[in-house]
Amino acid sequence: MKTAVCPGSFDPITTGHLDLVERAAAIFDEVVVCVMVNAEKRPMFSLEERLALVRAAAAHLPNVRAAACAGLLADFARENGAAALVKGVRGCVDFDMEYQMAQINRSLCPALDTVLLPARPEHAHISSTMVREMLRHRQSLEGRMPPAAVEALLRIREGKV
Ligand code: PNS
């Protein structure tokens with residue numbers, strides 16, 4: 001069984017993230033979405049909230065599960081028996097960053113490869129940063145965040161989760 005890990009901050013999950021997870025789930029037997037603590041960032045959503053939004057968005061994918069990680073991604077991948085990390089790239093800036101991260105992760109875990117999937121052009125401008133801005137300015141999230149995640153977000157904000 002080939003397992004892949006899709007890591008990220010997912011603060012919050014976007015339509016582009018879900019597309020990446022769906023494509024990874026079509027290639028690999030099992031996908032673990034790893035919601036990470038990024039020490040460089042102060043998130044809008046707590047780790048538990050980000051996990052709940054990912055789980056809601058990916059509920060239709062039977063071979064996908066989500067987990068949280070506060071440590072090294074390479075350790076998480078090893079512990080979960082992953083053959084690869086799957087990351088999305090929207091352009092050259094993403095590629096430069098992901099290329100470096102792939103080398104670091106491979107140096108930490110030589111058996112771990114990184115698969116980079118090009119973002120669909122219609123998702124190239126979507127980021128968690130942009131979704132957070134839309135949320136702050138009460139703009140529509142349609143096409144930017146998965147509908148199931150938007151519903152979960154409303155339930156969280158109503159204090160029902
Ligand atoms: O969604 P993001 O914030 O761009 O994701 C970045 C993330 C969380 C995948 C990256 O910061 C990461 O891998 N953090 C885990 C810590 C780690 O393993 N660092 C060494 C590899 S660079």
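Positions are given from 1 along the sequence. First listed ligand is number 1; within each ligand, the first listed atom is number 1. Predicted model only: the values in this text are computed from it and were never measured.
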Cluster link Leu117 to Met101, ILVMFWY, side chain under 4.5 Å:
no

State yes or no: do Leu85 and Val89 share one hydrophobic cluster built from I, L, V, M, F, W and Y residues joined by side-chain heavy-atom distances below 4.5 Å, directly or via other members?
no

Please list every donor-acceptor pair under 3.5 Å in which a side-chain atom of residues 20-27 meets a protein atom from a residue at least two apart or in another chain.
from	atom 1	to	atom 2	distance (Å)
Glu22	OE2	His60	NE2	2.9
Arg23	NH1	Asp19	OD2	3.2
Arg23	NH1	Pro118	O	3.0
Arg23	NH2	Pro118	O	2.9

Using atom types as modelled and distance alone, determine if a side-chain donor or acceptor of Asp29 lies under 3.5 Å from a backbone N or O of Lys2.
yes

So, the side chain of Arg50 versus the backbone of Ser9: is there a donor-acceptor pair under 3.5 Å, distance only?
yes

When you check ligand 1 against the protein, what N or O pairs turn up below 3.5 Å? List the atom names and distances, or just say none.
from	atom 1	to	atom 2	distance (Å)
ligand 1	1 (O)	Ser9	N	2.9
ligand 1	3 (O)	Ser9	OG	2.5
ligand 1	3 (O)	Asn38	ND2	3.4
ligand 1	3 (O)	Lys41	NZ	2.7
ligand 1	18 (O)	Leu73	N	2.8

Show the nearest heavy-atom pair for residues Pro12 and Ser128, with the distance to one decimal.
O-OG, 2.8 Å

